[in-house]
Each structure stands twice: as structure tokens, then as C-alpha cells.
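Here's the structure, in C-alpha cells; my notes come after.
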Number of protein chains: 2
Amino acid sequence: MDSKKIEKISRAISDPSRIQILQQFRKRRECLYCAEIHDMLDLAQPSISHHLKQLVDADLLLPEKEGRNLKYVLNKPVLNEYIAFLSSLEG
Amino acid sequence: MDSKKIEKISRAISDPSRIQILQQFRKRRECLYCAEIHDMLDLAQPSISHHLKQLVDADLLLPEKEGRNLKYVLNKPVLNEYIAFLSSLEG
DNA sequence: TTTAAACATTCAAATGTTTCGATATATTAG
DNA sequence: CTAATATATCGAAACATTTGAATGTTTAAA
């Protein structure tokens with residue numbers, strides 16, 4: 001994983017709302033629906049759309065269309081690559 | 001590790017110069033001198049000072065004064081806590 | 001086919017970040 | 001003590017991010 005991607009992933013995680021979204025994957029290991037995120041974050045819809053875009057663009061979340069709804073799953077391989085990069089710093 | 005700290009660490013890592021600084025700890029497992037960072041980053045001295053402050057404030061680097069020089073060591077326990085948080089997302 | 005629901009995009013305001021010149025502080029050398 | 005070196009702080013310019021109102025798009029229901 002190159003520096004540019006490390007930067008993008010880190011930036012994606014560096015926001016309270018986006019951390020809150022990611023934390024949902026601890027409790028529920030299934031997918032997360034856009035509407036559920038709207039319920040749990042006290043933000044306007046365009047803001048939530050923006051935050052989800054950051055996470056998807058960083059490749060941390062994979063979007064799946066389901067009719068007119070959208071659900072997200074955690075991209076574990078990418079998360080693991082990011083973790084591997086961090087571990088590699090320790091020598 | 002609480003969300004606020006996750007946010008701060010992520011933000012500290014979300015910059016090309018700061019990633020470059022952190023990557024130095026892969027090659028050399030010893031400490032890193034401020035002057036060495038100045039040599040490797042094509043930035044003015046106040047900018048480097050700023051970036052190092054971000055990393056120290058996020059608790060990723062521990063500063064040690066040595067005369068009029070300053071050296072930094074990687075804060076492995078904090079890095080490991082951050083990694084543990086990320087791992088916990090995978091359920 | 002009209003209507004409504006779910007999500008995305010655009011735009012602008014507010015706020016935060018990065019960068020560097022100038023300057024300040026601390027430490028060491030002479 | 002004075003001069004030089006290493007690092008920090010301040011202030012301002014440039015740039016990026018966050019937020020929501022308004023609006024657009026897509027899909028499903030009636």
C-alpha cells in the first residue's frame with residue numbers, strides 16, 4: 001500500500017462522524033444501511049452522503065445497491081493492509 | 001482508546017510529510033533527529049516544526065531533548081492501541 | 001404514469017490546515 | 001558575555017474540509 005493511499009485512509013478516519021460510522025461494524029458484523037446511519041448521526045442528509053463518500057473513496061467501505069437503498073460492508077482486506085503498514089513502522 | 005484520540009492520531013497520519021517521517025522508523029529502529037527530518041523533507045523549518053508537533057500531540061512520537069538538539073522515538077504502545085482499535089472494527 | 005422515498009450533487013459559508021517569513025527562545029561554543 | 005546553532009511561535013496567505021439548503025437522479029409504490 002503506497003503513501004497516497006495511507007494518507008487517504010487516515011484522512012477518512014480522521015472525523016468524529018466517520019469514526020462513529022466505522023464503529024458500528026464492531027457491534028453488528030453485517031452490513032450497514034445508509035438509512036441507519038442517517039438515524040444515528042445528527043446531520044443533514046447531504047453531510048452523511050459526503051462522509052460515506054469519503055469512506056468509500058478511501059476504499060474502507062464497499063457500497064452495494066439494493067433497490068433504492070444502499071448498504072455498506074467493511075472492506076476488511078484494505079483495513080488489514082492499512083494495519084499492516086502501521087505495524088511495519090515498529091520495525 | 002477513545003474516539004477523540006483515534007481522530008487525532010488519524011489526522012496526524014493524514015499528511016504526506018508526516019507519513020514520510022513515520023516511515024523512517026521502518027528503516028532505522030533507533031530514534032530520529034529533528035535535523036535529519038529537516039534534511040529529508042523539502043520544507044521550511046517552521047513547517048517541519050509544525051508537523052512534528054502534530055505527531056507529538058497525537059502521542060505517536062515521544063520527544064527527547066539532547067542539548068540543543070531534539071530527537072524522537074516512536075510511541076509503540078500508542079501505535080499498538082490504535083492498531084487494536086482498527087482491528088476491533090472487523091468484529 | 002404520477003407520486004414518494006432514498007440517495008447524490010451543487011453551491012456557498014464557516015472553519016480548519018499547511019506553509020513560510022519574521023522573530024523569539026534556548027543552548028552551546030568561543 | 002557574544003555569536004552561532006537548533007528549535008518554537010506568530011501572523012498571514014493559500015488551500016482544503018465540513019455543513020446544509022436547494023436541487024437533481026433513480027427506483028419503487030400507488
Side-chain angles (χ1 to χ4, degrees), chain A residues 3-25 28 30-75, chain B residues 3-25 28 30-75:
Chain A
S3 298
K4 211 68 202 147
K5 185 141 198 190
I6 296 295
E7 184 188 341
K8 197 158 195 179
I9 292 175
S10 302
R11 191 174 299 278
I13 303 175
S14 70
D15 175 275
S17 299
R18 297 195 292 264
I19 291 172
Q20 216 180 325
I21 293 171
L22 290 173
Q23 277 177 322
Q24 289 302 307
F25 287 96
R28 54 175 73 222
E30 329 107 36
C31 59
L32 196 54
Y33 282 88
C34 190
E36 293 177 303
I37 297 164
H38 197 287
D39 286 344
M40 87 197 202
L41 290 183
D42 193 21
L43 284 178
Q45 178 266 323
S47 302
I48 289 171
S49 201
H50 164 74
H51 286 308
L52 286 167
K53 188 174 182 342
Q54 304 305 108
L55 290 168
V56 169
D57 285 356
D59 231 17
L60 280 173
L61 293 189
L62 298 169
E64 286 177 32
K65 257 194 136 171
E66 207 177 58
R68 66 185 160 183
N69 299 317
L70 205 57
K71 65 181 181 183
Y72 297 91
V73 296
L74 189 61
N75 192 344
Chain B
S3 298
K4 212 68 202 149
K5 185 141 199 190
I6 296 295
E7 185 189 340
K8 198 159 194 178
I9 292 176
S10 303
R11 192 174 299 277
I13 303 176
S14 71
D15 176 276
S17 301
R18 297 196 291 264
I19 290 172
Q20 216 180 323
I21 292 170
L22 289 173
Q23 278 176 321
Q24 288 302 307
F25 286 97
R28 54 175 75 224
E30 329 107 36
C31 58
L32 195 56
Y33 281 87
C34 190
E36 294 176 303
I37 297 164
H38 197 286
D39 287 344
M40 85 196 203
L41 290 183
D42 193 22
L43 284 178
Q45 178 266 323
S47 302
I48 289 170
S49 201
H50 164 74
H51 286 306
L52 285 167
K53 189 174 180 342
Q54 304 305 107
L55 291 168
V56 169
D57 285 357
D59 232 18
L60 281 172
L61 294 189
L62 298 169
E64 287 176 31
K65 256 194 137 169
E66 206 176 58
R68 65 184 161 185
N69 300 316
L70 206 57
K71 65 181 181 183
Y72 297 91
V73 295
L74 189 62
N75 193 344

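The side chain to side chain contact (heavy atoms under 4.5 Å, CB included) test applied to Pro46(A) returns Ala44(A), not counting sequence neighbours.
Rounding to the nearest 0.5 Å places CG of Leu62(A) at 4.0 Å from CG of Asn75(A). The distance from atom CG of Leu74(B) to atom CD of Glu30(B), rounded to the nearest 0.5 Å, is 12.5 Å. Atoms CG and CD1, from Leu43(A) and Ile48(A) in turn, are 5.5 Å apart once rounded to the nearest 0.5 Å.
Between Tyr33(A) atom OH and dA5(C) atom C1' the separation is 16 Å, expressed in whole Å. Per the geometry, CD1 belonging to Ile48(B) stands 15 Å off C1' belonging to dG21(C), to the nearest Å. Per the geometry, CG belonging to Leu43(B) stands 14 Å off C1' belonging to dG21(C), to the nearest Å.
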Check residues 31-42 of chain A and write down every donor-acceptor pair under 3.5 Å in which the side-chain atom is one partner and the other belongs to a residue at least two apart or another chain.
{"unit_1": "Tyr33(A)", "atom_1": "OH", "unit_2": "Glu66(A)", "atom_2": "OE1", "d": "2.5"}
{"unit_1": "Tyr33(A)", "atom_1": "OH", "unit_2": "Glu66(A)", "atom_2": "OE2", "d": "3.4"}
{"unit_1": "Glu36(A)", "atom_1": "OE1", "unit_2": "Arg28(A)", "atom_2": "NH1", "d": "3.3"}
{"unit_1": "Glu36(A)", "atom_1": "OE1", "unit_2": "Tyr33(A)", "atom_2": "N", "d": "2.8"}
{"unit_1": "Glu36(A)", "atom_1": "OE2", "unit_2": "Arg28(A)", "atom_2": "NH1", "d": "2.9"}
{"unit_1": "Glu36(A)", "atom_1": "OE2", "unit_2": "Arg28(A)", "atom_2": "NH2", "d": "3.4"}

I'd like a table of donor-acceptor pairs (distance under 3.5 Å, sequence neighbours excluded) in which one partner is a side-chain atom from residues 7-15 of chain B, with atom names and distances.
{"unit_1": "Glu7(B)", "atom_1": "OE1", "unit_2": "Lys4(B)", "atom_2": "NZ", "d": "3.1"}
{"unit_1": "Ser10(B)", "atom_1": "OG", "unit_2": "Ile6(B)", "atom_2": "O", "d": "2.8"}
{"unit_1": "Ser10(B)", "atom_1": "OG", "unit_2": "Tyr82(B)", "atom_2": "OH", "d": "2.8"}
{"unit_1": "Arg11(B)", "atom_1": "NH2", "unit_2": "Ser14(A)", "atom_2": "O", "d": "2.6"}
{"unit_1": "Ser14(B)", "atom_1": "OG", "unit_2": "Arg11(B)", "atom_2": "O", "d": "2.8"}
{"unit_1": "Asp15(B)", "atom_1": "OD1", "unit_2": "Ser17(B)", "atom_2": "N", "d": "2.9"}
{"unit_1": "Asp15(B)", "atom_1": "OD1", "unit_2": "Arg18(B)", "atom_2": "N", "d": "3.1"}

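Helical stems of DNA chain D (runs of at least 3 Watson-Crick or G-U pairs, donor-acceptor distances under 3.5 Å) are listed by first residue: C:1-30 with D:1-30.
A 4.0 Å heavy-atom criterion places the boundary nucleotides of DNA chain D facing chain B at dA4(D) to dT9(D), written 5' to 3'.
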Between protein and nucleotides 22-30 of chain C, what N or O pairs are separated by less than 3.5 Å?
{"unit_1": "dT27(C)", "atom_1": "OP1", "unit_2": "Lys65(B)", "atom_2": "NZ", "d": "3.3"}

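The minimum heavy-atom distance between Phe25(B) and Leu61(B), with the atom names listed, is CE1-CD2, 3.6 Å.
Sorted by first then second residue, the salt bridge (Lys or Arg N to Asp or Glu O under 4.0 Å) pairs that include residues 52-61 of chain B, not counting sequence neighbours, are Lys5(B)-Asp59(B), Lys53(B)-Asp57(B).
Near-neighbour residues of DNA chain D inside residues 49-57 of chain A, defined by a heavy atom below 4.0 Å, number-ordered: His50(A), His51(A). A heavy atom closer than 4.0 Å to some atom of DNA chain D occurs in Arg11(A), Asp15(A), Arg18(A), these being the qualifying members of residues 5-23 of chain A.
At a threshold of 4.5 Å between non-hydrogen side-chain atoms, the residues Gln23(A) and Ile19(A) count as touching.
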